[in-house]
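Let me begin by presenting the structure, written as structure tokens, before commenting on it.
We use all heavy atoms of the structure for the numbers below, so side chains are in, but hydrogens, waters and symmetry mates are not.
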Amino acid sequence: MAAAFGLYTHIVANRRRSVLMIAGLFLSLYAVVFAGALAAEALRGGRTIAAIMTRAAEGWLRMLPFATLGGAVWIGVAYRFHQSMIDALTDSHDVDRATNRRLYNLLENLCISRGVTMPKLKIMESDVLNAFASGMTQDQYAVTVTRGLVETLDDAELEAVLAHELTHIRNGDVRLMVIAVIVAGIIAFVAELIWRWVSYGPRVRFSDSSDGDKRANPAMAALLIAGTIILIAWFLSGFLRFALSRSREYLADAGAVELTKNPDAMIAALIKISGNAEIPGAPSGLMEMCV
């Protein structure tokens with residue numbers, strides 16, 4: 001990949017990397033589905049590991065359309081309801097000019113300066129200092145800030161944070177992050193189902209061996225391979241999601257400075273946020289969307 005120079009070429013290059021990361025997440029999902037098929041065949045037993053793997057591959061191919069459809073349905077549900085779920089989780093509420101003129105005007109002026117549609121503005125009633133953008137379409141986009149952030153930062157610092165979140169929306173980061181969190185959640189859910197099924201479900205049917213050594217049983221070897229695949233996919237999904245979040249945070253910081261022309265305000269805001277940004281009880285997926 002060619003080197004990127006300047007903010008906008010970095011944004012384009014980062015979008016390419018993000019697409020590859022999302023593809024990696026979907027591949028991880030299919031790998032977990034294969035691990036499930038392999039675990040199922042291992043529980044049926046078999047004389048050789050090759051036979052078990054062959055049956056698992058055949059079952060995996062049959063399961064792929066259903067796995068793809070299930071993932072699409074999951075994403076569709078999240079597409080429709082994720083903002084309401086986030087609002088319920090964070091106890092956020094809408095803000096308009098009448099309820100908070102200062103905050104509303106800061107975001108509105110940023111949107112006017114770049115000719116973009118103003119997203120919904122929300123406040124989370126929390127003393128922590130943080131903010132995040134959410135939504136997957138123009139009608140859904142929202143910027144949420146905590147009450148502590150509004151009361152702690154001055155106008156220039158608050159404008160920098162709002163510009164940071166608006167940059168996430170302008171760059172298409174929000175949609176990608178929501179998809180990444182959804183796919184990673186599917187991987188974790190399927191992996192947990194397989195793990196519990198293997199742990200508490202039917203026992204492995206051991207094949208007969210002349211020396212009674214079950215350690216060399218192909219079914220146990222297949223279960224070990226399935227467990228390894230699940231573990232690798234789980235770690236990979238977390239790594240890709242984290243890498244996607246971090247790379248886009250740096251570009252959002254740069255985009256905020258480009259919008260406000262005030263790097264000192266962005267630096268001061270980040271210093272104040274540092275050490276007081278953790279939202280109690282928030283899942284990791286939501287925290288990765290925050291500053």
Heavy-atom nearest pair, Ala156 first then Ala265, reads O-CB, 3.5 Å
Between Val143 and the options Leu166, Val174, Val161, Ile169, the side-chain contact (heavy atoms from CB on, under 4.5 Å) test singles out Ile169
CG (Asn276) and CG (Asp127) are apart, to the nearest 0.5 Å, by 8.0 Å
- prompt: Are the side chains of Met118 and Tyr104 in touch, meaning some heavy atoms are under 4.5 Å apart?
  reply: yes
Notebook entry, point to check: Are Ile186 and Leu193 grouped together when hydrophobic residues (ILVMFWY) are joined by side-chain heavy atoms under 4.5 angstrom apart?
Noted result: yes
Identify whether Ile229 and Phe26 are in the same connected component of the hydrophobic contact network (ILVMFWY, side-chain heavy atoms under 4.5 Å).
no
Taken to the nearest 0.5 Å, the spacing of Glu58 CD from Arg62 CZ works out to 6.5 Å
Worksheet item: Taking a hydrophobic cluster as the set of Ile, Leu, Val, Met, Phe, Trp and Tyr residues connected by side-chain heavy atoms closer than 4.5 Å, whether directly or through intermediates, do Trp195 and Leu223 fall within one such cluster?
Response: no
One should read off an interatomic distance between Ile123 CD1 and Arg147 CZ, to the nearest 0.5 angstrom, of 4.0 Å
Correct closest heavy-atom pair for Ser113 and Leu259 would be OG-CD2, 4.3 Å
Determine whether Asp253 and Val257 make a side-chain contact, defined as any pair of heavy atoms from C-beta on separated by less than 4.5 Å. no
- request: Ignoring hydrogens and angles, tell me if any N or O in the side chain of Thr146 forms a donor-acceptor pair with the backbone of Val128 under 3.5 Å.
  value: yes
Does one side chain, of Ser134 or Tyr141, offer a donor that lies under 3.5 Å from an acceptor on the other?
no
So CG of Asn262 and CD of Glu157: to nearest 0.5 Å the spacing works out to 9.0 Å
Check: Lys272 and Leu153 side chains under 4.5 Å, non-hydrogen atoms
yes
(request) Could you tell me whether the side chain of Thr99 and the main chain of Val95 form a donor-acceptor pair under 3.5 Å? (result) no
Do the side chains of Met124 and His93 get nearer than 4.5 Å, heavy atoms only? no
Mark yes or no for whether Glu151, through its side chain, and Gly148, through its backbone, hold a donor-acceptor pair below 3.5 Å.
no
Review point. Under 4.0 Å between a Lys/Arg side-chain N and an Asp/Glu carboxylate O for Arg114 and Glu258?
Key: yes
* Asked: Given the rule that I, L, V, M, F, W and Y join up when any side-chain heavy atoms are under 4.5 Å apart, are Leu38 and Ile194 in one cluster?
  -> no
Task: Short side-chain to backbone donor-acceptor contact, Asp94 and Lys122, under 3.5 Å - done: no
Rounded to the nearest 0.5 Å, the CG atom of Leu149 sits from the OG1 atom of Thr144 at a distance of 11.5 Å
For Pro119 and Cys111, the nearest pair of non-hydrogen atoms, with its separation, is CD-SG, 3.8 Å
Any carboxylate oxygen within less than 4.0 angstrom of a Lys/Arg side-chain nitrogen, looking at Asp155 and Arg102? yes
> Is there a side-chain contact between Val145 and Leu103 (heavy atoms, below 4.5 Å)?
Replying inline: yes
_With a 3.5 Å distance limit and no angle check, can you tell me whether Trp60 reaches the backbone of Tyr30 through a side-chain donor-acceptor pair?_
yes
To the nearest 0.5 Å, atom OG1 of Thr90 lies from atom CE of Met85 at 12.0 Å
>> Tell me whether Ser28 contacts the main-chain N or O of Gly24 through its side chain, where contact means a donor paired with an acceptor under 3.5 Å.
In response: yes
Q) If you measure from the Lys or Arg side-chain nitrogens to the Asp or Glu carboxylate oxygens, is any gap between Glu41 and Arg44 under 4.0 Å? A) yes
- When you look at CZ of Arg97, are more than 12 heavy atoms from neighbouring residues, nucleotides or ligands closer to it than 6.0 Å? yes
Report yes or no: do Met266 and Leu110 belong to one cluster of Ile/Leu/Val/Met/Phe/Trp/Tyr joined by side chain heavy-atom distances under 4.5 Å? yes
Modelled atom types, side-chain donor and acceptor of Asp87 and Ser84, under 3.5 Å: no
Of all heavy-atom pairs linking Ala233 and Val32, the shortest is CB-CG2, 3.5 Å
Correct closest heavy-atom pair for Asn217 and Ala219 would be OD1-N, 2.8 Å
Looking only at heavy atoms, the pair that brings Ala37 and Gly59 closest together is CB-C, 4.5 Å
query = Is there a donor-acceptor pair under 3.5 Å between the side chain of Gln140 and the backbone N or O of Met136?
reply = yes
Minimum side-chain heavy-atom gap Thr117-Gln138 below 4.5 Å:
yes
